[in-house]
2 protein chains.
Amino acid sequence: MSIAERKQEEKQEMHQRILNAARKIFLEKGYEKTSMRNIANEINYSPGSLYFHFKDKTEIFQELQKEGFTLLLNQLKVLNSVADPFERLKASGRVFIQFAQENKDYYNLMFMVEETVKDPTETRFTIAQEAINHMCSMIRDCQQQGKFKEMDADYFTFMVISAMHGICALFCKDRTTSFINKTNEELMENGYACFVALLEKS
Amino acid sequence: MSIAERKQEEKQEMHQRILNAARKIFLEKGYEKTSMRNIANEINYSPGSLYFHFKDKTEIFQELQKEGFTLLLNQLKVLNSVADPFERLKASGRVFIQFAQENKDYYNLMFMVEETVKDPTETRFTIAQEAINHMCSMIRDCQQQGKFKEMDADYFTFMVISAMHGICALFCKDRTTSFINKTNEELMENGYACFVALLEKS
DNA sequence: CAAATTTATTAAACAGTGTTCAATTATCAA
DNA sequence: TTGATAATTGAACACTGTTTAATAAATTTG
């Protein structure tokens with residue numbers, strides 16, 4: 001089966017070549033403005049051949065989405081070494097926002113595109129749920145230390161994620177320009193600091 | 001000039017007919033999936049003629065965006081009768097979130113599409129800035145009552161808007177499904193309640 | 001080795017998109 | 001009625017995602 005294996009590897013190599021080209025162009029031009037022909041041209045490939053390796057445009061896109069999620073999760077995992085749960089929670093928000101700043105296009109692909117696939121067994125879903133559960137248990141740990149008392153952990157988690165996402169979402173769709181005389185970085189950093197200040201008083 | 005006036009009115013009538021058709025289809029199918037031919041067909045018009053009344057597709061879209069903004073602002077204006085600034089602030093958030101729930105498509109058009117025009121004199125920009133200033137002065141009023149002390153009003157405003165927008169943004173892109181066993185309404189209502197609880201303790 | 005079969009690739013075609021433009025009709029002023 | 005202006009049209013252009021029949025390459029089988 002050595003030949004079949006090599007075949008398999010060659011196919012995966014092509015798979016990766018396509019994905020690399022797609023990543024480059026998707027992150028440059030966004031989902032809608034990237035065409036299958038664009039991706040094919042990038043690697044001197046025929047547009048039709050893409051459909052031999054991927055079902056359609058969304059399947060390519062979803063693989064990149066997955067990439068983004070694991071990239072973000074890896075950055076968050078580093079914080080597992082932070083012992084104090086509240087410190088870890090605060091740092092998680094900072095990492096999250098920094099990720100959005102440094103990977104604006106990934107963030108757009110990951111969180112700002114309408115979710116079409118509703119299959120809950122899909123990999124991206126399980127990753128998202130994992131992230132939410134991680135967040136929620138962090139908050140429960142905080143509660144055991146006396147913070148966020150009499151708050152429902154699930155809804156509180158949703159709120160914290162919403163607040164962080166809101167900051168990033170405004171940034172990623174250029175809706176920060178209406179806040180005059182402030183740079184994106186100032187708004188996001190100090191805005192998050194305000195949120196942290198609220199958390200600290202609770 | 002009576003004839004010229006009538007002419008003008010007839011033109012504006014066509015302008016409105018197009019806008020009505022566009023609103024219907026944009027809100028049904030979203031920006032990308034709505035074609036100029038779709039809009040033209042809806043009113044038995046030729047696609048080319050649309051370009052006599054509007055520069056391009058984005059110009060039609062932006063008029064609808066403006067509609068959405070004034071619709072939201074009108075709903076918020078009602079709260080001017082609420083004397084206590086903190087009560088008004090809390091109610092504003094509720095109205096904002098309710099607007100997103102009841103006008104999901106408008107909300108997507110208004111806040112979830114990349115901002116291309118950066119002209120700060122554009123109507124939508126002035127409306128947005130008006131809304132932000134309104135929000136900010138409300139928060140300053142709260143501060144005069146002793147709330148949110150030692151917080152920078154501008155950044156605090158950004159944070160509050162972000163938090164509200166975050167809730168709506170997750171909802172509008174169907175990213176709430178990862179929070180299992182909770183409906184959208186439960187998440188948004190109780191999530192916002194958590195945020196209010198934070199505000200109350202500050 | 002040759003034939004048959006599987007695998008991979010291609011170009012052409014289909015139905016759709018936003019937009020432009022010359023030709024055409026309708027409307028009004030002189 | 002003529003000339004000019006305003007409004008409308010359909011065809012065309014260059015693009016889009018996707019399908020498919022034909023082709024080429026590689027592998028398996030006889």
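Chain A is the first sequence line, chain B the second, and so forth, proteins listed ahead of strands; every chain is numbered from 1. If you're wondering where the values come from, they're calculated on a predicted model, not measured in any experiment.
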For this session: Would you work out how much the helix from C:dC1-D:dG30 to C:dA30-D:dT1 bends between its ends, with each end axis defined by five base pairs, to 10 degrees?
Result: 20°

For this session: Can you tell me the distance, in whole Å, between the CD atom of B:Glu13 and the C1' atom of D:dA6?
Result: 16 Å

For this session: Measure from CZ on A:Phe54 to P on D:dG17 and round the result to the nearest Å.
Result: 15 Å

Problem set entry | Note: A:Lys104-A:Asp174 ion pair, threshold 4.0 Å (strictly below) | yes

Exercise. Got a sec, which pairs hit salt bridge (Lys or Arg N to Asp or Glu O under 4.0 Å) with one end in residues 75-95 of chain A, sequence neighbours left out?
Worked result: A:Glu87-A:Lys90, A:Arg88-A:Asp141, A:Lys90-A:Glu200

Exercise. For the pair made of CG in B:Asn41 and P in D:dT9, what is the distance, rounded to whole Å?
Worked result: 11 Å

Exercise. Among all residues two or more places apart in sequence or in another chain, which pass the salt bridge (Lys or Arg N to Asp or Glu O under 4.0 Å) test with B:Arg37?
Worked result: none

Ignoring hydrogens and angles, write down the donor-acceptor pairs under 3.5 Å from the side chains of residues 157-172 of chain B, residues two or more places apart or on other chains.
| residue | atom | partner | partner atom | Å |
| --- | --- | --- | --- | --- |
| B:Thr157 | OG1 | B:Ala153 | O | 2.6 |
| B:Ser162 | OG | B:Phe158 | O | 2.8 |
| B:His165 | ND1 | B:Tyr107 | OH | 2.6 |

For this session: Determine, for nucleotides 9-20 of chain C in 5'-to-3' order, which nucleotides have protein heavy atoms under 4.0 Å from the base (write B), from only the sugar-phosphate (write S), or from neither (write -).
Result: BBB-B---BBBB

Exercise. Under the side-chain contact (heavy atoms from CB on, under 4.5 Å) test, which residues partner B:Asp154, sequence neighbours left out?
Worked result: A:Lys182, B:Cys136, B:Arg140, B:Asp152

Exercise. Can you name the residues that form a salt bridge (Lys or Arg N to Asp or Glu O under 4.0 Å) with A:Glu186, not counting sequence neighbours?
Worked result: none

Could you pull out the protein-nucleic contacts involving nucleotides 22-24 of chain C (nitrogen or oxygen on both sides, under 3.5 Å)?
none

For this session: Check whether any side-chain N or O of A:Gln143 sits under 3.5 Å from a backbone N or O of A:Met151 as a donor-acceptor pair, and report yes or no.
Result: yes

Exercise. Do any pairs count as a ring-ring contact (aromatic ring centres under 6.0 Å, His included) and have a residue in residues 26-51 of chain B, sequence neighbours left out, and if so which ones?
Worked result: B:Phe26-B:Tyr31, B:Phe26-B:Phe61, B:Tyr31-B:Phe61

Problem set entry | Flag if over 12 foreign heavy atoms under 6.0 Å of CD, B:Glu189 | no

Exercise. CD1 of B:Ile43 versus C1' of D:dT9: gap in Å, rounded?
Worked result: 14 Å

Exercise. Hey, are A:Gln16 and A:Gln12 close enough side-chain-wise for a donor-acceptor pair under 3.5 Å?
Worked result: no

Exercise. Who pairs with B:Glu67 by salt bridge (Lys or Arg N to Asp or Glu O under 4.0 Å), at least two apart in sequence or on another chain?
Worked result: B:Arg23

For this session: Using atom CD of B:Glu10 as one end and atom P of C:dT27 as the other, report the distance to the nearest whole Å.
Result: 9 Å

Exercise. Between residues 15-28 of chain B and DNA chain C, which residues have a heavy-atom gap below 4.0 Å?
Worked result: none

Problem set entry | Positive for side-chain hydrogen bond (donor to acceptor under 3.5 Å, both in side chains) with B:His15, one of B:Glu10, B:His53, B:Glu63 | B:Glu63

Problem set entry | Residues that B:Glu42 engages under salt bridge (Lys or Arg N to Asp or Glu O under 4.0 Å), provided they are two or more places apart | B:Lys24

